[in-house]
Amino acid sequence: MSFFVFSCRSCGAGVEAPPDNLLVVCSFCGDRYPSKQLGDIPISVIPSQSKEAVNRAVRKRMALDRQMKGKKIEIDSVEGVYVPIFITKASIEGTWKGYKKVKRNKKTIKRQKNGYFDHMGDYPVLGRKHAHEFGMSSIGYVIFDQESQSFAELDWSSVGLPVLAVDVDESMIDLIIKDDLVDHMGVEVKKTKNLDAITEFEVDVQLYDRCIVLFPFWTVIYRYQGGTYRVAVSGGDLQILSAMEPVFMGNRIWNWLKGVAGIVGAGFLCDLAVPILYSGSDDVGEILIAIIAGIGFCAYVSWSTASRMTASIQVETIGKEEELVS
């Protein structure tokens, strides 16, 4: 990719940026060069803690982890950048109609429902078209827990990091927010109102104040027993956004034993159910229900552990369940 290079008007340092970058920030002094598309949109920054502090946070996280406790890791690299986040105040209101299927006199009918919704909030959108960096999608979970500051309040030399390019303009941000809000509200209405389907959905989305916040995002790469793993860290408060960890053989064996135990237990309960079914006992119904519940539990144990059998790395992420990666 070709870059354009110019001298910073404030410190004279050389600044380079890709041609599609809508916001250039001098990494030496923090002076800002927004494009005409961004106009005078306010820009603030969440100050980052130091590289050493990020390193210590990762080591502490691993030392307290249930799997990595007592394991010695080797840090290969600690790299930080500021990620541009558009934050927009938006409101959505509208009406909906839908139905819930209910049984009445052995027939299924559609019980019609309708209602109104009205919601306002701040919505973060990454200022980049492509963001595949490990852990970056978790920024939205923590950005509102941290306080941003204006550049005038900062000593940039103490918190300065490279700033990732902004390649999404405001018109695209508008479309993203409107689409996401409509989709989210539709799902929320269907869930909270216990609907089987929504038949009419009329909404009005209004966008108000907007700013750009530069979020400090750190990637730490560490090694353990020949494997390389990543940890994503929020530089403002040192929260671990996502962490890759090895899955040890002991965990695999334990998962294997649980899966086998589930299958064996289900088979045993099936064999137990046959003689009870023909016993003629008054309690046969309750006993069979208990057996079926037991078989269901065994099946769940076997199924839930099956996906873990081929895993070699697990990923823990803020706001999400633990994920296993083969």
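- Shortest non-hydrogen contact noted between Ala17 and Asn21 is CB-ND2, 3.8 Å.
- In this structure, His119 and Tyr123 have perpendicular ring planes: the angle between them is above 60°, well past the 30° mark.
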Taking only distance into account, with no hydrogens and no angle test, what donor-acceptor pairs under 3.5 Å do side-chain atoms of residues 92-102 form with protein atoms, sequence neighbours excluded?
unit_1: Glu93; atom_1: OE1; unit_2: Tyr116; atom_2: OH; d: 2.6

List, one per line, each side-chain donor-acceptor pair under 3.5 Å for residues 211-222, sequence neighbours excluded.
unit_1: Trp218; atom_1: NE1; unit_2: Ser48; atom_2: OG; d: 2.8
unit_1: Thr219; atom_1: OG1; unit_2: Glu133; atom_2: OE2; d: 3.3
unit_1: Tyr222; atom_1: OH; unit_2: Met244; atom_2: O; d: 2.6

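- Asp167 and Arg128 make their closest contact through OD1-CA, 3.0 Å (heavy atoms, listed as atom of the first residue, atom of the second, distance).
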Can you list the steps and then say if Lys178 with Asp204 is a salt bridge (charged side-chain N to carboxylate O under 4.0 Å, His left out)? CA-CA 9 Å; Lys178 290 179 179 179; Asp204 178 42; over 6 Å; no

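- For the pair Arg32 and Phe151, the cation sits on the ring face: its NZ or CZ lies under 6.0 Å from the ring centre, inside 45° of the axis.
- Under the ring pair (Phe, Tyr, Trp, His ring centres under 6.0 Å) criterion, the residue pairs touching residues 53-88 are Tyr82-Trp156, with sequence neighbours excluded.
- Members clustered with Leu175: none, using a 4.5 Å side-chain heavy-atom cutoff among hydrophobic residues.
- Remark: Asp20 does not engage Lys129 in a salt bridge, criterion side-chain N to carboxylate O under 4.0 Å.
- For an aromatic pair to be called close, the ring centres must be under 6.0 Å apart, and Phe134 with Tyr229 fails this.
- Looking at Glu245 and Lys71, no side-chain N of the basic residue comes within less than 4.0 Å of a carboxylate O on the acidic one, giving no salt bridge.
- Of the N and O atoms on the side chains of Ser234 and Asp237, at least one donor lies less than 3.5 Å from an acceptor on the other residue.
- For Gln49, the side chain to side chain contact (heavy atoms under 4.5 Å, CB included) partners at least two apart in sequence or on another chain are Ala53, Leu238.
- Lys89 pairs by the salt bridge (Lys or Arg N to Asp or Glu O under 4.0 Å) definition with Asp122, not counting sequence neighbours.
- Here the shortest heavy-atom pairing between Ser242 and Ser138 reads OG-OG, 3.6 Å.
- The heavy-atom pair separating Gly135 from Ala232 by the smallest distance is CA-CB, 3.8 Å.
- Residues Val142 and Gln146 come closest through the heavy atom pair O-NE2, 3.5 Å.
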